Amino acid sequence: MRAFRIPLFCTALLTLACASAAAETNAPVPPLRLLLDDLPTRCAPLPASLDAAARAQLDAFYRQRDDRPAWRDQAHLAALGEQLEQLADDGLNPADYTLPARLEPAPGCADLLASHAYLQALRHLAGGRLEQARLEPLWRAEELPRPDPAPKALSIALRELAEPARAFAAARPALPQYQALRALYAEQRQRPLPSWSALADGPLLRPGRSDPRVPALRQRLAAEGYLPATAAQRQDSLFDPELVAALEDFQRSHALKPDGLLGPASLAELNVDALTRRDQLRVNLERLRWRAEDLARARLAINVAAAELLVLEDGRELWRTRTQVGRPDRQTPLLVSQIDRLTLNPRWIVPPTIFREDKLPAIRRDPGYLARHQMNVEDRAGQRLDPALIDWDNPGPIRLSQAAGPHNPLGRLALRFPNPFAVYLHDTPSQLLFEKSPRFFSSGCVRVEAVDSLLARLLPAEELAEVELRLASGRTQEYRVRPKLPLLIGYWTVEVDDRGRTRYAPDIYQHDRRLLRALLGLRP
């Protein structure tokens, strides 16, 4: 069991202030909830976190306890302190949850402040410490429930008050992903950080070649256990099979194509320092607290950072495949929705952004572009127009479309769901791009590899047979999905897989740095 530590400076101030307030008033301490109306006078200095929402939570807590004190003795308070210390393993800062040094003879400020730390910690475990909407907004379909950690935290706080350890365990996300990532972070916090030198830029390094960077590459891979420690002593410059295999292992665990080539993408991931990697765990623990309920409900989850799709059941992974997602200047939006229909043999209506930024410049350069790509011009009602009659410098309210077929960028199938971004999941004829990494090629929609295999995991056998029959017809049709399939499009840059291996993903949208600064109390 860890030693229970209370920040002496803060707790001494709180204790002296509470005692001083009681002496100055020289009056009986009023009921605990009534103290809430006069906290700055009676219990100063107060934690900055004790805002209006926190006071409302305290009021509800004591109201349901009939205004009885929560903390029975010093041992009970110490048990809470132990759990607050262990928040460090969740990537939270125990110093943010200030406890009084001792309980008072008469219930008052100390009881209130201990309860505030208790409720605050449970709320942060249940739904995250930071405001997700400000740092990493997630659009949510109106018909879906909006997770609110406050009622859950209050219920746990009241039910498990006698044993704080049980309360904290109940508030912490039960997702296997969270538990595994927390265990990894706790382990890494307890050991010294490894160190390695950055590798120099240079030409693409292929197996069997020699390069002066090879000794540094051996040392770098040995520092994280991809090679035995003895390999780091070698100074020859041959990129031999042992080193190639170690680099391939590194590439697999960092969402890179395991081709054994030392190129710019691999070099960038190799040069991330150990502290940044450990901070990455902390950042993603916060993300999982935000999204635990959505992940537990989701049937499909897209991890944009890794460009992967997961089929889930009760938060557990059943199947995974590769995707292609939005490039940094046209990011795939993060959202929670439900797949409610399939478009079979879809025709493609070119989205406005792609029309304006990609297609229109191409048509202006090459009048034969439309015919070569089998694209049609339509008015907004869908009526065909003659491309030769369009002023392409000022085309007006038109749109482009492409009929279903082997060249259609949506492939044979699109999976639709309500959202304001006009994005969807879809098949693609660009299958070779799935072999590349990172896979940020689209304008926001998500291209899915092995869409037939995905359908087989989502639809009952009879429905699957009907869908395949309709697909074979070649006709564009809509197929309603019942029940709807809960979908999360999220972003996380590290996970521990079901075999206990750590898998990182490139922070292609540069979200991690902003989130880490907020966790550290800095301006994002």
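Quantities reported herein were computed from a predicted structural model and do not represent experimental measurements. Residues take their numbers from the sequence shown, with the count starting at 1.
- Partners of Tyr491 according to the ring pair (Phe, Tyr, Trp, His ring centres under 6.0 Å) rule, which considers only residues two or more places apart in sequence or in another chain, are Tyr509, His511.
- Residue pairs meeting the side-chain hydrogen bond (donor to acceptor under 3.5 Å, both in side chains) criterion with at least one member in residues 472-482, sequence neighbours excluded, are Arg341-Glu478, Thr343-Glu478, Glu463-Tyr479, Ser473-Gln477.
- For Arg282 and Glu286, the salt-bridge test fails: no basic side-chain N is under 4.0 Å from an acidic carboxylate O.
- Arg277 and Glu224 are not joined by a salt bridge, as no carboxylate oxygen comes within less than 4.0 angstrom of a charged side-chain nitrogen.
- Residue pairs meeting the ring pair (Phe, Tyr, Trp, His ring centres under 6.0 Å) criterion with at least one partner in residues 310-369, sequence neighbours excluded, are Tyr369-His373.
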Distance-only donor-acceptor pairs under 3.5 Å for side chains of residues 196-206, two or more places apart:
from, atom 1, to, atom 2, distance (Å)
Trp196, NE1, Val272, O, 3.2

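- The side-chain hydrogen bond (donor to acceptor under 3.5 Å, both in side chains) contacts involving residues 249-268 comprise Tyr226-Ser253, Asp249-Arg252, Gln251-Asp259, Gln251-Ser266, where partners must be two or more places apart or lie in separate chains.
- In this view, Glu495 and Arg320, Arg503 satisfy the salt bridge (Lys or Arg N to Asp or Glu O under 4.0 Å) rule, not counting sequence neighbours.
- Side chain of Asp427 to backbone of Arg412: a donor-acceptor contact under 3.5 angstrom is found.
- Only one option out of Val423, Ile489, Val304, Leu138 pairs with Pro333 in a side-chain contact (heavy atoms from CB on, under 4.5 Å); it is Val423.
- The ring pair (Phe, Tyr, Trp, His ring centres under 6.0 Å) check on His407 picks up nothing, with sequence neighbours excluded.
- When all heavy atoms of Pro418 and Trp139 are compared, the closest pair comes out as O-CZ3, 3.3 Å.
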Begin with the C-alpha distance, continue with both residues' side-chain angles, and end with the deciding distance and a verdict on side-chain hydrogen bond (donor to acceptor under 3.5 Å, both in side chains) for Asp90 and Tyr185. CA-CA 8 Å; Asp90 294 275; Tyr185 183 69; over 6 Å; no
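- Every pair passing side-chain hydrogen bond (donor to acceptor under 3.5 Å, both in side chains) that includes a residue from residues 432-441 is listed here, sequence neighbours excluded: Arg322-Glu435.
- Residues passing the side chain to side chain donor-acceptor pair (under 3.5 Å) test with Gln324 are Arg447, sequence neighbours excluded.
- The minimum heavy-atom distance between Asn408 and Pro429, with the atom names listed, is O-CD, 3.3 Å.
- A search for salt bridge (Lys or Arg N to Asp or Glu O under 4.0 Å) contacts involving Asp497 returns Arg501, not counting sequence neighbours.
- In this structure, Asp148 has no salt bridge (Lys or Arg N to Asp or Glu O under 4.0 Å) partners at least two apart in sequence or on a different chain.
- The backbone N or O of Ala371 sits nowhere less than 3.5 Å from a side-chain atom of Gln374 that would complete a donor-acceptor pair.
- For Arg297, the salt bridge (Lys or Arg N to Asp or Glu O under 4.0 Å) partners are Glu293, Asp294, not counting sequence neighbours.
- Taking the charged nitrogens against the carboxylate oxygens, Glu313 and Arg316 have no contact shorter than 4.0 Å, which rules out a salt bridge.
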